[in-house]
Amino acid sequence: MNKNIFITTPIYYVNAKPHIGHAYTTVVCDVYARFCRIMGYNVKFSTGTDEHGKKVEQSAINNKQTPQQFADEISGLFRNLLPILNISNDDFIRTTELRHKKTVEHFWEKLSDAGYIYLGKYEGWYDIRNEAYFAESELIDGKSPLGGDVTYMTEPCYFFKLSAFGDKLLKYYDEHPDFIFPISRKNEIVSFIEQGLTDLAISRTTFSWGVPVPNDPKHVVYVWLDALTNYLTVNGYPENENQNNDPYWQNVIHFVGKEIVRFHALYWPAFLMAVGINPPKQIVSHGWWLSEGQKMSKSLGNVQDPYKYCNIFGSDALRYYLLRELTFGADGNFSKEGFIKRYNSVLADSYGNLCNRVLSFIQKYCNGNINRPEKLTDDDKNFYRSVSDCIQSCPQLIQEYSFNRYLEKLEHAITLSNQYLDNQKPWTLKTSDKNRMSATLYVCLENIYKITKMLYPVIPVASEKFTKILNIETSFTYNPDEKLPDNIELGEIKILFPKISDCDVDVYANV
Ligand code: ME8
């Protein structure tokens, strides 16, 4: 079985600062990557920035900078956000890097050698913001279907023979039913193809900020062809030319927002088929975050800033909220009130308080030292079993990208742990039966440890803090039968998630 996996985020445009939407895809990929690592996979995980195109050229001019200066600045913001969000990526690719330029040139030459490129003339409605041409029939209320303003343009341009790939793509989707996730997005793509594919304009002459077309430098390569090939650059192409034999390429998953599924599930596999490289294993798409009920936009002043949330509440808090709040695939609403409510009720009151209750009790009444009990009661055994059931359902849920249901399961396991404590009442046992008191604390601590290890992909900082308090060496690997050492000697106790109280709301108002 291939135990290598390659996980990618989209590469983000450098025309605006990163916001919660970008943070979301990156965090989803990070959680998936950390989960794959704990399941024993070798993971390659890349993210980066998409820096060419007319939009960036224009933004740079508006900012009185060169496109390179402008791209350096904004790309830096995306890169700097990664440690703030605690992202474990292996690579950060910029499309302005030399290694990428080489990939684009080589890939173009391969497409050309294979006979899939020809020179023609383009006329149509061009959406600058989204860097795409549209036919008159595709316009909606005078705007592009992606919502951008359009201008009528005509230019000599190279075309890719996309029209030759309709049947091949449909056959590929049939043979690989999981290729597009979720299935609803697949239906949209299939009906688009069934309406008939036209050839795709893949070069531009109206601006120069891009990779020049090999042997015809008046043209620059269409920004989507340039951007999509980033995934090959990261995987060592063109030096590593035989991608079909590459174990990472065989298991590459592209995570994307729903608006760019067409580029990834249609254009990208067609380009790859044209040069004889197998399409990716899966295109996984998610819905959009709205902010306070509306699309995020500078003019509405409702753009949510991930830096601020992480600086004030920590990356774990934001990561948890993002994964728990949105049903993967559907749209969701980001709200400050929702964030604070979720944080307080789950991370502070339920999980954080559970940890703190048990740890402080052990510290105070057992001198920080407890041993595995010799005997378990039926209540103990039932508790172990119920928590174990929750934990064992997690891998499947993550593999189905049901991140919110995976966290719901663990929240249920936390509730069971709090109930166990309430029922066993170690605070009464401390005078009547010290041995049983210590046994219940150990049983509870062991279950919290198991839950915490399963929460690690989402809240890595708190998980590591917790195991440090237990003074144990642990590797974060998935093992539902894993046990704590028979003797635990606690280290210094720290509060994992301090409650956000009313007096913090002033700080919060600045977010
Ligand atoms: O499309 N909710 O870049 P981009 C959820 N450069 N996710 C969101 C979001 C929101 N409100 N806003 C953005 C591009 N995203 C191209 C990609 S890939 C070869 C080239 C996330 O800066 C989501 O993943 O517009 C979306 O697909 C991506 O950011 C778009 O980023």
Side-chain angles (χ1 to χ4, degrees), residues 7-30 32 46-56 59 71 74-75 77-78 81 85 92-96 100 103-104 107 127-132 144 146-148 185 210 221-235 252-269 271-272 280 283-298 300 302-306 318 321-323 325-335 401 403:
I7 296 164
T8 70
T9 76
I11 49 169
Y12 304 111
Y13 285 133
V14 290
N15 59 313
K17 290 198 300 195
H19 60 60
I20 282 291
H22 306 113
Y24 176 65
T25 319
T26 308
V27 167
V28 163
C29 289
D30 187 64
Y32 198 75
S46 74
T47 183
T49 44
D50 183 358
E51 305 186 9
H52 290 131
K54 193 171 175 95
K55 195 165 42 173
V56 174
S59 303
I74 310 279
S75 177
L77 296 179
F78 277 93
L81 182 60
L85 290 169
F92 184 91
I93 167 101
R94 300 185 55 186
T95 53
T96 48
H100 181 65
T103 303
V104 176
F107 196 76
D127 172 346
I128 298 182
R129 195 171 83 205
N130 294 293
E131 312 270 8
S144 90
L146 301 175
R185 302 264 150 70
V221 175
Y222 171 44
V223 71
W224 269 100
L225 175 55
D226 170 351
L228 288 162
T229 54
N230 93 83
Y231 303 127
L232 287 176
T233 308
V234 169
N235 211 35
V252 53
I253 302 184
H254 300 315
F255 283 84
V256 297
K258 63 181 180 182
E259 80 292 356
I260 55 174
V261 173
R262 191 196 293 181
F263 297 95
H264 284 80
L266 196 163
Y267 299 159
W268 184 222
F271 293 149
L272 289 165
I283 309 300
V284 177
S285 69
H286 61 72
W288 281 341
W289 279 100
L290 305 174
S291 161
E292 314 288 350
Q294 286 177 299
K295 193 170 177 199
M296 267 182 274
S297 85
K298 254 197 222 161
L300 287 175
N302 65 349
V303 176
Q304 301 283 359
D305 180 349
L318 181 63
Y321 176 75
L322 290 175
L323 267 90
E325 189 70 19
L326 202 76
T327 301
F328 192 82
D331 292 349
N333 187 41
F334 194 103
S335 80
Y401 312 112
F403 297 105

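Position 1 is the first residue of the sequence; numbering continues from there. Indexing begins at 1, ligand by ligand and atom by atom, following the structure's order. Only this structure's heavy atoms are used, side chains among them; waters, hydrogens and symmetry mates stay out.
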Asker: Any salt bridge linking Asp305 with Lys17? Criterion: basic side-chain nitrogen under 4.0 Å from a carboxylate oxygen.
Answerer: no
Asker: Taking only residues two or more places apart in sequence, or in another chain, which ones meet His22 in a side-chain contact (heavy atoms from CB on, under 4.5 Å)?
Answerer: Tyr12, Pro18, His19, Phe78
Asker: Checking Trp289 against Glu325 for the side chain to side chain donor-acceptor pair (under 3.5 Å) test, could you report, in this order, the C-alpha distance in whole Å, the side-chain angles of both residues, the deciding distance, and whether it holds?
Answerer: CA-CA 10 Å; Trp289 279 100; Glu325 189 70 19; over 6 Å; no
Asker: Run the side-chain contact (heavy atoms from CB on, under 4.5 Å) test against His286 and tell me which residues pass, sequence neighbours left out.
Answerer: Tyr24, Thr25, Phe328
Asker: Please tabulate protein-ligand N/O pairs under 3.5 Å for ligand 1, atom names and distances to 0.1 Å.
Answerer:
{"residue": "ligand 1", "atom": "2 (N)", "partner": "Trp289", "partner atom": "N", "Å": "2.9"}
{"residue": "ligand 1", "atom": "6 (N)", "partner": "Ile11", "partner atom": "O", "Å": "2.8"}
{"residue": "ligand 1", "atom": "6 (N)", "partner": "Asp50", "partner atom": "OD2", "Å": "2.7"}
{"residue": "ligand 1", "atom": "7 (N)", "partner": "Gly21", "partner atom": "O", "Å": "3.3"}
{"residue": "ligand 1", "atom": "11 (N)", "partner": "Trp289", "partner atom": "O", "Å": "3.1"}
{"residue": "ligand 1", "atom": "22 (O)", "partner": "Tyr13", "partner atom": "N", "Å": "2.9"}
{"residue": "ligand 1", "atom": "24 (O)", "partner": "Thr25", "partner atom": "OG1", "Å": "2.7"}
{"residue": "ligand 1", "atom": "24 (O)", "partner": "Gly257", "partner atom": "N", "Å": "3.3"}
{"residue": "ligand 1", "atom": "27 (O)", "partner": "Gly257", "partner atom": "N", "Å": "2.9"}
{"residue": "ligand 1", "atom": "27 (O)", "partner": "Glu259", "partner atom": "OE2", "Å": "2.8"}

Asker: To the nearest 0.5 Å, how far apart are OG1 in Thr327 and CZ in Phe403?
Answerer: 12.5 Å
Asker: List for me each residue that meets side-chain contact (heavy atoms from CB on, under 4.5 Å) alongside Val223, sequence neighbours excluded, and say none if there are none.
Answerer: Asp50, His52, Glu131
